[in-house]
Trainee: 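The following block contains the structure, expressed as structure tokens.
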Amino acid sequence: MAPATAREQALVDENRRLRKVCAALIERVESSGAAEGAPYAAFEHAVLLAEQVRERTETLHHTLDELGQVNAQLREEIHNRASAEQRLIEAKQEAEAANSSKTRFLAAVSHDLLQPLNAARLFASALGEHRVPEDARHLVEHLGRSLKDVETLLGTLVDISRLDAGVLKADVAPFEAADLLDMLAHEYQQIAASQGLALHYVRSGAVIDSDLQLLARVVRNFLTNAIRYTARGHVLLGCRRRAGGLEICVGDTGPGIPEDQRKAIFLEFRRAENRRVDQDRGLGLGLAIVDRITSMLDHPVGLASRPGRGSLFSVLVPYAHRPAGKRVQAVTEAMPDDEPLSGRTIWVIDDDLAIREGMQALLGSWGCRVMAARGPGVLEGETASPDVLIVDYHLDDGDPDGLETASRLHERWPGLPVLVITANHDAALKHRARMRGFGWLLKPVKPLRLKMQLLSLLERT
């Protein structure tokens, strides 16, 4: 055989190299396709992977369908929730409108309904100051008690409605405990005496921080219940100095309150069973009002009772610093025998004719010289200053309110004592009156409270 040429040898070498490369590639493919390195195993593995992909794709489609259904349910729930929220908004708006209407009704009740009741009580009290035949005096007393019952029932319903509606706000300020308790002691000594009971009063010189009008309502309810449920013995009004404040206590020698009734009596329309047979049952709202007021003022209430021995209600009021320029004055437990207001000149400004006539009759029976007018215009022409100015807060629309009217007269006669009388329980108005140094009295006006307010104002001059 003839020797291969150089070109042929080069082709042989290239062919050998290519075979080695091809063998290496085949080996690499087979070794990476399956663990056993066989081509068929690689094929089976590919088929298995394809089946897994198909199954997972179907599962994914199924899951997507379920997610679509859940999404639809969520959209429906969101829509329903939005509808519910809209209904809640509408219900809230209706409730607010109803509450606003209730507030306006309470304001109307406070002023329009209490106006004639206030006039009736003034006339009845003035009539009681006159000498009348004995049989007529009994009629006057019955008239006074009936008007007082109406006032109590109406006032209780209005107060509980104000508290529930959030209309009644506290006007907290420092004052001497005696300013409140002296007046209540004298008032309820007479009431207790009419029921054959004695009221013992222990005076305190402590200065406390509270809303005087609201705290007075609490103590009044304590005293009213004590007299209502005590058939014989006495009622005690006094104070104890505690580390956390002054504890104002009202005790009685009544039948006591069983343990299982002590929480229930603070609920609406709940009353203790063992009341006096000659006393009315009331509405059962007195202690419910106490609970709401003391909660609003953050004054803890205490109750201790021994069945057959009596009960002791108390309220803890924080201490305060003595108001600047205030001095402690000793007062007697009873009003002086002579008429302390006799000869005093009192101006009365009220746009209600019946109120003006009632005030003239009552103050006149106390020996006062009374000038009454529906507005300030008539009185501004006077040259001599009165001893006291009594002004209603709500005057005719054409005139300023009672506070502005009193301030204008006060500028002319500095130091003029002013007593503002109103059926408006707004704490902001009371605060404004107090900042100007004016007295404040709520309608219906109780004659004894009016007299003590007037004497207190005259003592400051």
Side-chain angles (χ1 to χ4, degrees), residues 118-132 137 140-141 144 147-148 176 178-191 193 212 216 326-327 329-350 352 354-373 376 378-379 382-393 402 405-406 409-410 413-422 433 437-461:
N118 184 39
R121 288 214 65 187
L122 291 173
F123 283 123
S125 299
L127 184 60
E129 299 285 344
H130 291 279
R131 295 180 179 274
V132 295
R137 177 163 297 278
V140 173
E141 291 174 355
L147 290 173
K148 183 179 179 180
E176 294 188 13
D179 290 346
L180 167 66
L181 301 182
D182 288 352
M183 175 182 64
L184 294 179
H186 179 65
E187 178 181 345
Y188 279 87
Q189 278 172 342
Q190 297 180 355
I191 297 174
L212 191 148
K326 185 74 175 179
R327 67 186 189 279
Q329 298 177 344
V331 298
T332 58
E333 292 189 354
M335 299 290 288
D337 293 334
D338 57 339
E339 183 50 70
L341 294 175
S342 181
R344 297 286 191 172
T345 299
I346 298 180
W347 288 0
V348 177
I349 300 178
D350 198 302
D352 190 300
I355 299 294
R356 295 199 301 273
E357 293 178 345
M359 278 289 188
Q360 286 179 312
L362 179 61
L363 296 172
S365 69
W366 294 343
C368 301
R369 295 190 297 269
V370 185
M371 292 187 62
V378 176
L379 300 177
E382 295 293 323
T383 57
S385 170
D387 293 300
V388 181
L389 169 66
I390 299 176
V391 58
D392 183 27
Y393 174 73
T405 297
L409 294 174
H410 200 266
W413 290 291
L416 171 64
V418 175
L419 177 60
V420 180
I421 296 179
T422 181
F438 300 163
W440 183 267
L441 196 59
L442 292 174
K443 294 180 180 181
V445 174
K446 294 179 173 60
L448 177 60
R449 208 177 303 173
L450 173 62
K451 179 179 285 188
M452 297 191 73
Q453 280 274 23
L454 293 175
L455 292 176
S456 176
L457 289 171
L458 289 170
E459 285 176 357
R460 300 177 190 174
T461 59

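Below, each value reflects all heavy atoms present in this structure, side chains not excepted, and no hydrogens, waters or symmetry copies. Quick note: residue numbers are just sequence positions, from 1.
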Trainee: Nearest 0.5 Å please: distance from the CE atom of M359 over to the CZ atom of R356.
Mentor: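 The CZ atom of R356 is 12.0 Å from CE of M359, to the nearest 0.5 Å.
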Trainee: Over all heavy atoms of both residues, which pair between Q360 and V370 is shortest? Give the atoms and the distance, please.
Mentor: CG-CG1, 3.7 Å
Trainee: Between L409 and I349, does the side-chain contact (heavy atoms from CB on, under 4.5 Å) criterion hold? Intermediate values first, please.
Mentor: CA-CA 11 Å; L409 294 174; I349 300 178; 3.9 Å; yes
Trainee: Show the nearest heavy-atom pair for residues W440 and A433, with the distance to one decimal.
Mentor: CE3-CB, 3.5 Å
Trainee: For a quick test of reading the model, state the closest non-hydrogen atom pair linking L457 to P417 and the distance between them.
Mentor: CB-CB, 3.9 Å
Trainee: Taking side chain as C-beta onward, heavy atoms only, is L362 less than 4.5 Å from V445?
Mentor: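 No; the side chains remain at least 4.5 Å from each other.
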Trainee: Residues in side chain to side chain contact (heavy atoms under 4.5 Å, CB included) with Q453, at least two apart?
Mentor: L419, L441
Trainee: What residues, two or more places apart in sequence or in another chain, satisfy side chain to side chain contact (heavy atoms under 4.5 Å, CB included) together with R369?
Mentor: T345
Trainee: Heavy atoms only: give me the nearest L184-A216 pair and the separation to one decimal.
Mentor: CD1-O, 4.4 Å
Trainee: Is I355 close to V348 at the side-chain level, that is, under 4.5 Å between some pair of heavy atoms?
Mentor: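 The answer is no; the side chains never approach within 4.5 Å.
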Trainee: Holding to side chain to side chain donor-acceptor pair (under 3.5 Å), I want the full list of residues that pass it with E357, two or more places apart in sequence or in another chain.
Mentor: none
Trainee: Applying side chain to side chain contact (heavy atoms under 4.5 Å, CB included), can you list everything that pairs with A361, at least two apart in sequence or on another chain?
Mentor: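 Only A126 meet the side chain to side chain contact (heavy atoms under 4.5 Å, CB included) criterion with A361.
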Trainee: Would you check, one step at a time, whether the test side-chain contact (heavy atoms from CB on, under 4.5 Å) holds for W366 with I346?
Mentor: CA-CA 11 Å; W366 294 343; I346 298 180; over 6 Å; no
Trainee: Sequence neighbours excluded, which residues qualify as ring-ring contact (aromatic ring centres under 6.0 Å, His included) partners of F438?
Mentor: H410
Trainee: Mind listing the closest non-hydrogen atom pair of S385 and W413 along with its distance?
Mentor: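 Scanning both residues, the minimum pair turns out to be CB-CD1, 3.3 Å.
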Trainee: Can you confirm whether D350 sits close enough to I421 that some side-chain heavy atom of one is under 4.5 Å from a side-chain heavy atom of the other?
Mentor: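 No, too far: nothing below the 4.5 Å cut-off.
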Trainee: Between L454 and I390, is a side-chain contact (heavy atoms from CB on, under 4.5 Å) present by the stated rule, with each step listed?
Mentor: CA-CA 9 Å; L454 293 175; I390 299 176; 4.0 Å; yes
Trainee: Are W347 and V391 packed together at the side-chain level, in the sense that at least one heavy-atom pair is separated by less than 4.5 angstrom?
Mentor: no
Trainee: Just how far is it from atom CE of M183 to atom CG of L455, taken to the nearest 0.5 Å?
Mentor: 12.5 Å
Trainee: For a 4.5 angstrom cut-off between non-hydrogen side-chain atoms, does K451 reach L341?
Mentor: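 Yes. Closest side-chain heavy atoms under 4.5 Å.
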Trainee: In sequence, state the C-alpha distance, the side-chain angles, and the governing distance for R344 and L363, and then conclude on side-chain contact (heavy atoms from CB on, under 4.5 Å).
Mentor: CA-CA 10 Å; R344 297 286 191 172; L363 296 172; over 6 Å; no
Trainee: Is there side-chain contact between E187 and K446, with heavy atoms separated by less than 4.5 Å?
Mentor: yes
